[in-house]
Amino acid sequence: MTVPLRHFWVGLTALLAGSLVGIGLVGGVVPGLGRLALVHLFLVGWVCVTILGAMTQFVPVWSGVPLHSRRLATLQLALVAVGLTGFVAALLLGALSVLPVFGGVMLVGFWVFVYNVGRTLARVDRLDVTERHFALSLGFFLVFTTFGFVLAVDFTRPVLAQYAVSRSNVVLAHATLAVFGAVLTTVYGALYQLGTMFTQTELHGIDTSLKRIEEVGHPVGVALLAIGRFADWEPVASLGGLLVCLAALSVGTILARKLSEMRVEWTPMHTRYAVVAASLSSWALLTVPAWATEPLARTHLLGGPGTTHLLVLGTIGFVVLGTLYHVVPFVVWVHRYSDLLGFEDVPMIDDLYHSKLAAADAALLVSGTALLAVADLVRVAGSLRGVGGVLVGLGVVAFAVNMRSVLRNHSQHSVGSLLLGRYSPTRARALLDRE
């Protein structure tokens with residue numbers, strides 16, 4: 001349990017750092033390649049590291065097989081964290097010559113993750129819809145990290161020019177495989193399980209047809225979109241982009257239906273999933289015209305005009321936030337209270353965090369994301385975008401404070417001891433008995 005918890009804590013640190021860089025960019029005080037540093041802190045540092053930790057916990061639990069290697073899971077985090085830290089520092093300080101070094105460290109970390117989870121999934125006799133998505137995402141992780149390393153090398157040594165390959169096209173393909181391949185495929189796979197489990201519902205009726213559309217349309221669409229962008233084939237990229245949008249509409253509809261049918265009490269996690277359903281569907285509808293006509297345009301990299309924040313914050317960001325509002329308290333609950341069941345009253349998982357602070361961070365994040373999305377759509381710069389960024393930053397801080405309070409208030413040991421794996425629920429019970 002401490003292995004995924006460490007991943008979540010590192011990811012949260014990257015999110016906070018990214019928020020500071022984002023606010024600094026609005027104020028014009030960030031040196032070097034600040035925007036590129038922000039992208040890597042958010043997508044690699046927060047989203048991808050969180051995915052690494054979540055899969056490390058989720059795959060063995062959901063699939064009923066042991067994790068291939070805990071040591072490799074610990075190693076992958078160390079490599080990615082060190083690589084990302086050096087990579088971002090190099091971007092901000094202008095030390096581009098060391099980008100291949102730290103990029104290579106990150107590459108090895110991601111490949112260790114792919115190997116470890118891949119060996120774990122290989123023990124499953126028959127993959128279900130969630131496991132199939134995870135297996136596909138591992139393939140996307142391999143390819144997009146390879147592209148990223150090549151781009152890092154190309155900063156100092158123009159290897160792409162030697163083979164007459166356009167760097168711009170490689171960037172487009174790299175981002176496509178990362179965001180829509182590795183990240184969004186993982187998100188979809190998790191939502192099939194978490195969306196039904198947390199709402200106490202099942203897929204039925206039109207859900208089954210929509211699931212089939214997504215299972216075929218999304219991976220094929222991502223592959224065609226990436227290939228079309230890499231090879232400068234606009235018809236291929238358009239077809240792939242439309243398939244990706246169709247799959248996104250399918251998932252958004254399924255999630256909205258599950259939330260409308262839910263049989264449990266509404267929690268902060270459900271609020272964030274509701275934002276995901278609305279953001280994902282809106283992103284797909286607004287992106288269709290852009291990708292149908294100009295899928296190769298750099299301005300349409302992550303979707304139609306003004307849709308970047310709907311996808312990155314409203315969809316991917318809120319899925320991670322919603323899931324962590326259950327997973328982090330669950331991990332801590334297992335450490336702190338599982339051995340006490342039957343001996344004394346223990347709190348529910350949702351009782352571990354502050355509900356009012358959760359409502360506050362939801363209000364800040366939703367309003368901030370909405371302002372950023374509106375500023376993008378109407379192309380308004382300045383104060384509106386700045387206010388939205390500040391609200392998102394405050395929401396991130398509130399979320400981080402809430403998650404840290406879970407660790408601080410419900411652990412017999414310090415946060416550091418828990419993250420380092422020195423926490424023992426049995427020892428905690430002995431301490432309570434002595435007290």
Side-chain angles (χ1 to χ4, degrees), residues 1 3-4 7-8 47-70 72-73 76-77 110-145 177-204 207-223 243-244 247-248 250-255 258 269 273 276 280 315-316 319-320 322-324 326-327 330-331:
M1 288 288 183
V3 174
H7 283 75
F8 300 152
V47 175
C48 287
V49 168
T50 301
I51 286 175
L52 266 59
M55 274 206 197
T56 300
Q57 180 194 25
F58 193 85
V59 170
V61 172
W62 176 242
S63 303
V65 294
L67 182 67
H68 172 67
S69 171
R70 177 174 173 169
L72 290 180
Q76 75 194 19
L77 176 60
F110 278 116
W111 281 24
V112 168
F113 157 73
V114 170
Y115 173 78
N116 198 25
V117 176
R119 286 290 302 270
T120 305
L121 281 172
R123 298 175 176 178
V124 182
D125 293 331
R126 184 177 179 181
L127 302 181
D128 64 11
V129 61
T130 293
E131 293 159 344
R132 289 195 295 271
H133 278 77
F134 287 174
L136 281 170
S137 73
L138 294 180
F140 286 126
F141 266 105
L142 278 178
V143 181
F144 103 75
T145 52
L177 292 167
V179 176
F180 301 103
V183 174
L184 214 53
T185 303
T186 305
V187 166
Y188 289 169
L191 285 177
Y192 278 116
Q193 167 61 15
L194 301 179
T196 53
M197 181 174 70
F198 292 149
T199 57
Q200 292 295 292
T201 59
E202 295 180 358
L203 299 182
H204 63 90
D207 299 332
T208 305
S209 299
L210 293 173
K211 178 173 73 69
R212 293 196 189 103
I213 291 172
E214 183 277 325
E215 273 210 89
V216 176
H218 181 71
V220 172
V222 172
L243 287 174
V244 171
S250 300
V251 174
T253 302
I254 291 174
L255 184 57
K258 298 308 101 184
M269 176 183 55
Y273 281 2
V276 170
L280 183 59
T315 301
I316 297 173
V319 165
V320 177
T323 304
L324 289 181
H326 181 86
V327 173
F330 170 75
V331 172

Item to check | Flag side-chain contact, heavy atom, 4.5 Å: Leu121 against Val59 | outcome: yes
Item to check | Residue among Thr196, Thr199, Thr201, Asp207 satisfying side-chain hydrogen bond (donor to acceptor under 3.5 Å, both in side chains) with Lys258 | outcome: Asp207
Next on the checklist: Within the 4.5 Å heavy-atom criterion, are Val3 and Gln57 side-chain neighbours or not?
Outcome noted: no
Checklist outcome for this item: Smallest heavy-atom separation, Val276 atom then Thr315 atom, equals CG2-O, 3.6 Å
Next on the checklist: Please evaluate residues Leu138 and Phe113 with respect to the criterion side chain to side chain contact (heavy atoms under 4.5 Å, CB included), reporting the C-alpha separation (whole Å), side-chain torsions for both, the decisive distance (0.1 Å), and the verdict.
Outcome noted: CA-CA 9 Å; Leu138 294 180; Phe113 157 73; 3.7 Å; yes
Checklist entry - Backbone N or O of Asp128 within a donor-acceptor pair of the Glu131 side chain at under 3.5 Å? => result yes
Checklist entry - For the rings on Tyr115 and His68, is their centre-to-centre separation under 6.0 Å? => result yes
Checklist entry - Where do Cys48 and Val183 come nearest, in terms of heavy atoms and distance? => result SG-CG2, 4.1 Å
Next on the checklist: If only side-chain N and O atoms count, and only distance matters, is there a donor-acceptor pair under 3.5 Å linking Thr186 with Ser137?
Outcome noted: yes
Checklist entry - So, Gln76 versus His7: side-chain donor-acceptor pair below 3.5 Å or not? => result yes
Item to check | Exercise: identify the closest heavy-atom pair between Ile213 and Ser250 | outcome: CG2-OG, 3.7 Å
Checklist entry - Under 4.5 Å between any side-chain heavy atoms of Leu243 and His218, yes or no? => result no
Checklist outcome for this item: Taken to the nearest 0.5 Å, the spacing of Phe141 CZ from Leu136 CG works out to 12.5 Å
Checklist entry - Where do Thr185 and Phe180 come nearest, in terms of heavy atoms and distance? => result OG1-O, 3.4 Å
Item to check | Donor-acceptor under 3.5 Å (Asn116 side chain, Ser69 main chain) | outcome: yes
Checklist outcome for this item: Heavy-atom closest pair (Ala73 atom, Leu67 atom, distance to 0.1 Å) is CB-CD2, 4.2 Å
Item to check | Donor-acceptor side-chain pairing of Glu214 and His133 below 3.5 angstrom | outcome: yes
Checklist entry - Side-chain contact, heavy-atom cut-off 4.5 Å: Tyr273 with Leu194? => result yes
Next on the checklist: I need the Leu177 CG to Leu184 CG distance, nearest 0.5 Å.
Outcome noted: 12.5 Å
Checklist entry - Where the side chain of Thr130 meets the backbone of Gly189, is there a donor-acceptor pair that is under 3.5 Å apart? => result yes
Item to check | Spacing of Thr50 atom OG1 and Ile316 atom CD1 [to the nearest 0.5 Å] | outcome: 12.0 Å
Checklist entry - Nearest heavy-atom pair of Ala182 and Phe140: which atoms, and what distance? => result N-CB, 3.5 Å
Item to check | Between CE on residue Met197 and CD on residue Glu202, distance to nearest 0.5 Å | outcome: 13.5 Å
Checklist entry - Just by modelled atom types, is the His204 backbone N or O under 3.5 Å from a matching donor or acceptor in the Thr208 side chain? => result no
Item to check | side chain to side chain contact (heavy atoms under 4.5 Å, CB included) between Phe144 and Val179, intermediate numbers included | outcome: CA-CA 9 Å; Phe144 103 75; Val179 176; over 6 Å; no
Checklist entry - Mind checking whether Phe58 and Phe134 have ring centres under 6.0 Å apart? => result yes
